[in-house]
A.B. asks: 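Before anything else, here's the structure in question.
This one's a predicted model, so the numbers in the text were calculated from it and none came from an experiment. Counting starts at 1 for both ligands and their atoms, following the listed order.
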Amino acid sequence: MSTPLAVLDARVADCRACPRLVAWREKVATEKRAAFRDQTYWGRPVPGFGPADAALLIVGLAPAAHGANRTGRMFTGDRSGDFLYAALHAVGLANQPTSVSADDGLTLYGTRITAPVHCAPPDNRPTPTERDTCGRWLAAELALLTPTLRAVVVLGGFGWQSLLPVLAANGWPVPRPRPKFGHGASVTLPGATGPLHVFGSYHVSQQNTFTGKLTPPMLEDVLGAAGRAAGLIVG
Ligand code: SF4
């Protein structure tokens, strides 16, 4: 039987609420990048990936045009994913360091990955309206995860600005003024099922990883702290 989260994921994958993003994701999927011309692109919204009882949630930005929009799985099939999954494996939250296709055997331990915008946007820049429209999916996902969720890692300022209002709308007491995003930023929100620890990290975009703004040890430090806060990593 499908879990409520699996039902939600299926609904996300059928969403067509943002005309500009629907047109873009499908155009990219039709035109393709030369290196992937023999592949069938997913070309639809990319749902979250990971178990329904996750204690740790990782929140990115949006699917990459030739990464997740091609493979149908978050951070799968591009350099950003290579960086993220290598770090997750290094701290013990994934069974393998690579993520190349939706059927490559990757398993996350107590960890789920999602995005505030589920469709690939032009120039990786969703509009505020698209972010707010897709926010209802994030709110629904958070509501289903709340019983087990203990920590969140937010990759980048866009995810941070997107997540905090959704957390507040879902009943978490997010302070005012809102905590500022930064690499290593953290805030703990008291909740009915226990505290929720929210951590910030620079995004795993090539712009950050190729320039050394975000290094593997920097990301592993944040993931390790979040994994310990979530009870997934001991020591
Ligand atoms: S971005 Fe979100 S709300 Fe907009 S079409 Fe994609 S899944 Fe639907």
A.B. asks: Rounded to the nearest 0.5 Å, how far does NZ of Lys32 lie from OG1 of Thr30?
C.D. replies: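 Those atoms lie 8.0 Å apart.
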A.B. asks: Going by the order shown, which atoms of ligand 1 are within less than 4.0 Å of some heavy atom of Pro45?
C.D. replies: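 By the 4.0 Å cutoff, the relevant atoms are 7 (S).
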A.B. asks: Does any N, O or S atom in His118 come within less than 2.8 Å of atom 4 (Fe) of ligand 1?
C.D. replies: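 No, His118 does not qualify, because none of its backbone or side-chain N, O or S atoms lies under 2.8 Å.
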A.B. asks: Which residue is it: Leu88, Thr76, Leu56? I am looking for the one with a side chain to side chain contact (heavy atoms under 4.5 Å, CB included) to Ile113.
C.D. replies: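 Between Ile113 and the candidates, side chain to side chain contact (heavy atoms under 4.5 Å, CB included) is satisfied uniquely by Leu88.
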A.B. asks: For ligand 1, is any non-hydrogen atom under 4.0 Å from Cys134's backbone (N, CA, C, O), its side chain (CB onward), both, or neither?
C.D. replies: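 Answer for Cys134: both.
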A.B. asks: One thing to verify: whether Arg33 and Asp78 come together as a salt bridge, which I'm taking to mean a side-chain N less than 4.0 angstrom from a carboxylate O.
C.D. replies: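 No, no charged N to carboxylate O under 4.0 Å.
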A.B. asks: Please state which protein non-hydrogen atom is closest to atom 8 (Fe) of ligand 1 and give its distance, to 0.1 Å?
C.D. replies: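 Ranked first by proximity to atom 8 (Fe) of ligand 1 is Cys15 SG, 2.2 Å.
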A.B. asks: Any non-hydrogen side-chain atom of Val204 less than 4.5 Å from a side-chain atom of Tyr85?
C.D. replies: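 No. Closest side-chain heavy atoms not under 4.5 Å.
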A.B. asks: To check your reading of the model: name the closest protein heavy atom to atom 4 (Fe) of ligand 1, its residue, and the distance in Å.
C.D. replies: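 In this structure, atom 4 (Fe) of ligand 1 has Cys18 SG, 2.3 Å as its nearest protein heavy atom.
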A.B. asks: Does a sphere of radius 6.0 Å around CZ in Arg20 hold more than 12 heavy atoms from other residues, nucleotides or ligands, not counting ones at 6.0 Å or beyond?
C.D. replies: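 Enclosed: over 12 neighbouring heavy atoms sit under 6.0 Å from CZ of Arg20.
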A.B. asks: Restricting to N/O/S atoms, is Cys119 within less than 2.8 Å of atom 6 (Fe) of ligand 1 or not?
C.D. replies: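 Looking at Cys119, which is the residue asked about, there is an N, O or S atom under 2.8 Å from atom 6 (Fe) of ligand 1.
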A.B. asks: For ligand 1, which atoms sit closer than 4.0 Å to a heavy atom of Leu21?
C.D. replies: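 Going through ligand 1 atom by atom, the ones under 4.0 Å from Leu21 are 1 (S).
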A.B. asks: When the ring planes of Tyr41 and His66 are compared, do they come out parallel, tilted or perpendicular, using 30° and 60° as the limits?
C.D. replies: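 Correct class here is perpendicular.
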